[in-house]
Amino acid sequence: MARPCVEVQIKKVPGSPTNYLSITPTQGVVFPSVSYVRNIISKAGIRQDTLLTVVIDCSHIYEVDYTAARGFKAMLEDFSSRQQEVLWLSCNTSVTETISAVTGDLFVQITGPHQVLEDQRDGEEDPLLEEDPLLEEDPLLE
């Protein structure tokens with residue numbers, strides 16, 4: 001199996017000066033590629049700033065097997081031991097169920113990058129993505 005590409009970028013939380021480390025694997029993570037992906041994520045987390053929250057963007061991950069989930073659990077335990085937060089973004093139901101079943105409370109999913117800020121984790125959608133209510137009431141738009 002080919003190794004998935006893993007995109008690593010430092011991004012800003014929308015509407016905030018806070019940065020986070022965005023990590024985006026480009027395809028499903030299954031055995032044996034989980035070791036490679038885990039290694040890339042761990043190195044990126046250490047190489048940047050261990051105070052930087054890591055966000056794993058799963059928008060291109062459609063599949064994670066049990067062995068991969070176990071690898072992610074070990075990785076999350078490593079991050080937890082150095083008190084570096086890892087959040088999961090855009091996971092489909094299958095990926096969420098597989099990883100959370102193995103990792104338990106270590107798996108924290110967010111709905112948008114604004115939730116990197118802990119006080120924004122209320123389950124609501126990104127306020128920057130909501131429509132402007134004034135536009136809906138504008139009679140010129142009807």
Side-chain angles (χ1 to χ4, degrees), residues 1-138 140-141:
M1 173 176 267
R3 289 180 172 177
C5 291
V6 180
E7 187 177 290
V8 177
Q9 297 177 301
I10 294 178
K11 294 185 176 181
K12 280 206 174 302
V13 175
S16 166
T18 304
N19 290 331
Y20 66 95
L21 185 61
S22 173
I23 300 178
T24 308
T26 59
Q27 66 189 50
V29 182
V30 295
F31 179 80
S33 68
V34 68
S35 296
Y36 172 75
V37 172
R38 176 185 171 194
N39 190 33
I40 295 286
I41 294 170
S42 294
K43 281 184 178 179
I46 293 169
R47 187 176 303 129
Q48 297 303 325
D49 179 354
T50 58
L51 299 177
L52 220 52
T53 297
V54 174
V55 176
I56 301 174
D57 183 344
C58 299
S59 57
H60 302 291
I61 299 177
Y62 304 106
E63 164 185 33
V64 172
D65 66 9
Y66 177 75
T67 305
R70 285 184 44 206
F72 283 136
K73 180 180 182 184
M75 178 196 74
L76 290 171
E77 289 169 343
D78 292 345
F79 276 88
S80 180
S81 72
R82 63 178 180 261
Q83 299 178 348
Q84 187 172 13
E85 189 171 35
V86 177
L87 306 172
W88 300 78
L89 175 67
S90 302
C91 296
N92 70 33
T93 304
S94 172
V95 169
T96 298
E97 289 173 354
T98 303
I99 296 174
S100 65
V102 174
T103 62
D105 291 342
L106 293 173
F107 180 80
V108 179
Q109 184 168 283
I110 58 173
T111 60
H114 68 291
Q115 289 183 324
V116 167
L117 303 174
E118 195 166 347
D119 65 344
Q120 296 295 312
R121 295 186 202 155
D122 53 13
E124 294 182 15
E125 291 298 314
D126 187 340
L128 298 175
L129 299 178
E130 292 178 6
E131 291 186 33
D132 186 344
L134 296 176
L135 293 177
E136 293 174 11
E137 298 173 10
D138 190 340
L140 297 174
L141 294 177

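Residue numbers run from 1 in the order of the sequence given. Computed from a predicted structure; not experimentally measured.
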### Message
I want to check something: taking the side chain as every heavy atom from C-beta on, are I56 and M75 in contact at a cut-off of under 4.5 Å?
### Response
yes

#### Entry: 4.5 Å side-chain heavy-atom contact, C91 and F107
yes

### Task
Mind listing the closest non-hydrogen atom pair of P25 and D57 along with its distance?
CD-O, 3.5 Å

### Message
As an exercise, state the distance from NZ of K73 to CD1 of I99, rounded to the nearest 0.5 Å.
### Response
13.5 Å

### Task
Any chance you could measure L21, atom CG, to E85, atom CD, to the nearest 0.5 Å?
13.0 Å

### Query
To the nearest 0.5 Å, what is the distance between CD1 (I61) and OG (S94)?
11.5 Å

### Query
Any chance the side chains of T67 and D65 put a donor and an acceptor closer than 3.5 Å?
no

### Task
Can you measure from CD (E7) to OG (S22) and round to the nearest 0.5 angstrom?
7.0 Å

#### Entry: side chain to side chain contact (heavy atoms under 4.5 Å, CB included) assessment of L87 paired with Q115
CA-CA 9 Å; L87 306 172; Q115 289 183 324; over 6 Å; no

### Heavy-atom donor-acceptor pair, S100 side chain to T96 backbone, under 3.5 Å
yes

### Query
Should F79 and I41 be marked as a side chain to side chain contact (heavy atoms under 4.5 Å, CB included) after you check the CA-CA gap, both sets of side-chain angles, and the distance that decides it?
CA-CA 10 Å; F79 276 88; I41 294 170; 4.0 Å; yes

### Summary
Distance col, row L76:CG vs D105:CG, nearest 0.5 angstrom, shows 11.5 Å

## Note on the structure
Heavy atoms of I23 and V6 approach each other most closely as CG2-CG1, 3.5 Å

### Summary
When every non-hydrogen atom of A69 is compared with those of T98, the smallest separation belongs to CB-O, 3.8 Å

### Task
Check whether any side-chain heavy atom of L106 lies under 4.5 Å from a side-chain heavy atom of F72, and answer yes or no.
no

### Query
Looking only at heavy atoms, which two atoms of V54 and Q84 are closest? And how far apart?
CG2-NE2, 3.7 Å

### Query
Side chains of V55 and K11: closer than 4.5 Å at any heavy-atom pair?
no

### Message
Nearest 0.5 angstrom please: S59 OG to L89 CG, how far?
### Response
7.0 Å

### Query
Taking side chain as C-beta onward, heavy atoms only, is D78 less than 4.5 Å from R38?
yes

